[in-house]
Amino acid sequence: MRNVLVRRTRVLASTPARQLKQTLSGAEFTGMSRRGKYLLFTLRTPGRVEPFMLVGHLGMTGRMYVAPAKTPLPKHAAVVLDLGRENFVFEDTRYFGRFTLETGAIEKLGPEPLAQESAPEGFQRALKRSAQPIKVKLLDQELIAGVGNIYACEALLRAGISPKRPAKKLTLTQIGQLWRAIREVLSEAIEGGSTVPLNYSGTDKRDGLFYFGRAPEAPDFYAERLRVYDREGLPCGACRTPIRRLVQAARSTFYCPRCQRG
DNA sequence: CACCATGTTCCTTG
DNA sequence: CCAAGGAACATGGT
């Protein structure tokens, strides 16, 4: 790439803006993968032997996309890579996201639910050790990678487990069911997200992987994807009991008191 | 104005 | 040292 514009150094974490510019100048993207909620970009600089990695995280409101160079930059563009005819844009309203050369965060991540058929021993043992509510444990990225607040709620519903249940009180059978539920929920979310056009720049309300707010032209587009999240007071799809909301570790939890006992 | 929000990290307390 | 809880981060929507 030709040039790197850093408008918010915060998203670079500990990588100095100068270093990012220097490292990226002349480099090319060669690949991309994912680990937990982190995006891993592989790059190479022609003439140099060592490829290197760029680590991205979308936080709560981040987006990364490629757009024609003439497209006006969004208000909260944090980093823009000049690719010539196009720009790579990392835009993040809240600047909670990351775009950095620092790789430390990914090394601490727990197992990938989609890479393991059944619950790994380490996951089981960690749960058996903790008195914290299971919902809180699911958000711990060192225990299991990639589960956030929404899908933690959804997975617990499908596994029929109360979010309040102390982790150590789950049976091995329940842990197995929970692991499977997490895999299902994430697979379906990825499948649903795949219906979003690849060049989608995230400027309308259906901003990617989950529904947030109303899409007037297709009210049901995402409606059946989330069965409890943000549905306080609405009837559970399985038993019609009103969905409840509670706060755990300063986050909202939604659950069905009838389908999720214990 | 008050309160809420998809995530992570840091600080304090026990 | 570890577990647990809460605040902070920054901005926008309701």
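Because the structure is a prediction, the values reported are computed rather than measured. Just so it is clear: chains get the letters A, B, ... in the order the sequence lines come, proteins before strands, and each one is counted from 1.
Residue A:Arg251 is in base contact, counting any heavy-atom pair closer than 4.0 Å across all strands shown. Base engagement by A:Phe96 is indicated by at least one non-hydrogen atom pair under 4.0 Å involving a base atom. Looking at heavy-atom distances under 4.0 Å, A:Thr61 makes no contact with the nucleic acid at all.
The 5' end of DNA chain B is approached more closely, in terms of each residue's nearest nucleotide, by A:Ser252 than by the other of A:Ser252 and A:Arg98. Residue whose closest nucleotide on DNA chain C sits further toward the 5' end, between A:Pro133 and A:His76: A:Pro133. Between A:Gln141 and A:Arg245, the one whose closest nucleotide on DNA chain B sits nearer the 5' end is A:Arg245.
Separating the OH atom of A:Tyr95 from the P atom of B:dT9 is a distance of 20 Å, rounded to the nearest angstrom. Atom-to-atom, OH of A:Tyr229 to P of B:dT6 comes out at 4 Å; the value is rounded to the nearest Å. In this entry the distance linking NZ of A:Lys168 with C1' of C:dC2 reads 14 Å, nearest Å.
You'll find that the side chain of A:Ser130 is closest to C:dA4, out of C:dA4, C:dG12, B:dT8. Picking from B:dT9, C:dA3, C:dT11 the nucleotide with the shortest atom distance to the side chain of A:Tyr38 gives B:dT9. Taking only side-chain atoms of A:Arg94, from C-beta outward, the nucleotide of B:dC4, B:dT8, C:dT11 with the closest atom is C:dT11.
Electrostatic pairing of A:Lys128 and A:Glu121 does not count as a salt bridge here, judged by no charged N lying under 4.0 Å from a carboxylate O.
Of the candidates A:Arg8, A:Arg7, A:Arg63, A:Glu91 forms a salt bridge (Lys or Arg N to Asp or Glu O under 4.0 Å) with just one, namely A:Arg63.
An OP1 or OP2 oxygen of C:dT11 is reached within less than 4.0 angstrom by no side-chain nitrogen or oxygen of A:Lys75.
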